Amino acid sequence: MVVLLLLLLLLPFLLYVAAPQIRKMLSSGVCTSTVQLPGKVAVVTGANTGIGKETAKELAQRGARVYLACRDVQKGELVAKEIQTMTGNQQVLVRKLDLSDTKSIRAFAKDFLAEEKHLHILINNAGVMMCPYSKTADGFEMHMGVNHLGHFLLTHLLLGKLKESAPSRIVNVSSLAHHLGRIHFHNLQGEKFYNSGLAYCHSKLANILFTKELARRLKGSGVTTYSVHPGTVQSELTRHSSFMKWMWQLFSSFIKTPQQGAQTSLHCALTEGLEILSGNHFSDCHVAWVSAQARNETIARRLWDVSCDLLGLPVD
Ligand SMILES: *[C@@H]1O[C@H](CO)[C@@H](O)[C@H](O)[C@H]1NC(C)=O
Ligand SMILES: *[C@@H]1O[C@H](CO)[C@@H](O)[C@H](O)[C@H]1NC(C)=O
């Protein structure tokens with residue numbers, strides 16, 4: 001009994017001492033590809049902070065022309081300047097994209113398609129987490145609307161360009177949280193019941209299902225697609241929840257920096273020979289296990305059709 005108590009008292013101290021080791025363990029995945037990207041074009045959504053920013057910076061470092069697709073253009077411009085200065089690559093451009101508004105998504109795509117001949121890398125990185133119940137401009141529940149439907153429409157609109165530019169890649173930032181996710185087709189917009197934490201999980205499950213379904217549909221096109229779990233990362237995702245912020249701070253020594261968090265996205269965007277693994281989910285730069293829900297093709301196909309329906313896209 002006394003021993004147990006002593007151990008309990010010692011635990012925080014032990015954790016504190018072991019923190020650097022644990023952090024190293026948790027951040028084991030590093031993108032080791034040395035691929036350079038001169039002449040390549042990349043789009044990163046939500047690129048003005050956190051993992052998105054680090055991902056964009058690394059792509060710029062390797063010589064790509066990088067579009068930062070951001071809701072806040074002013075903030076985006078500051079980040080673009082910063083990346084230009086750090087990398088010496090002037091081809092870092094900011095474009096307005098609000099994923100909670102299909103009009104904004106369509107406008108972004110229209111302008112992009114008009115101004116660019118190619119698109120080699122699309123990183124669907126932007127996301128919201130645990131925001132209070134709210135709706136997008138089109139009346140979709142915010143998590144489903146931004147994390148899933150917004151990126152679904154964006155990918156859909158840019159797909160032709162991606163195909164023309166093949167070999168090209170689409171990376172979807174999902175999360176380990178998908179394990180708690182379920183697709184409730186009768187409650188897709190959270191009208192009947194809603195929990196902000198679970199809504200995030202549901203939308204992240206949707207990301208994985210879509211990656212799989214898209215991979216199936218893109219077979220032979222030269223466009224490959226991957227979903228990733230970036231790790232538990234310090235980022236602004238927790239902006240809507242003070243509890244999460246508090247937890248993050250408490251465990252901050254175990255948590256990845258945004259730069260470490262960007263590694264798996266970069267691995268999937270860059271590493272040569274990864275094409276045969278299209279449709280897979282990655283964590284720490286390795287193929288990772290997904291939940292039974294995430295492997296269910298029936299759900300994936302139905303979600304695809306429902307999403308097309310909601311967005312007014314032709315179901316094929
Ligand atoms: C990424 O996820 C979005 C949202 O779920 C989906 O629409 C899109 O098709 C996915 N793209 C890829 C390449 O997986
Ligand atoms: C997929 O999900 C459907 C609907 O929830 C279920 O009926 C079916 O058994 C699942 N299939 C597999 C292979 O798990």
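Because the structure is a prediction, the values reported are computed rather than measured. First listed ligand is number 1; within each ligand, the first listed atom is number 1.
Between Phe282 and His229, the ring centre distance reaches or exceeds 6.0 Å. When ring centroids are compared, His184 and Phe193 come within the 6.0 Å threshold.
Salt-bridge check for Lys53 with Glu82: passed, with a basic side-chain N closer than 4.0 Å to an acidic carboxylate O. Between Arg95 and Glu116 no salt bridge is recorded (no basic side-chain N to carboxylate O distance below 4.0 Å). A salt bridge links Glu275 with Arg169; the closest basic N to acidic carboxylate O contact falls under 4.0 Å.
At a 3.5 angstrom cut-off on N or O pairs, Thr298 does not count as close to ligand 2.
Distance remark: protein heavy atom present below 4.0 angstrom from atom 2 (O) of ligand 2. In this structure, atom 11 (N) of ligand 2 has a protein heavy-atom contact shorter than 4.0 Å.
Near Ile299, meaning under 4.0 Å from any of its heavy atoms, are these atoms of ligand 2: 2 (O).
In terms of protein heavy-atom proximity, atom 14 (O) of ligand 2 is closest to Asn296 ND2, 3.5 Å.
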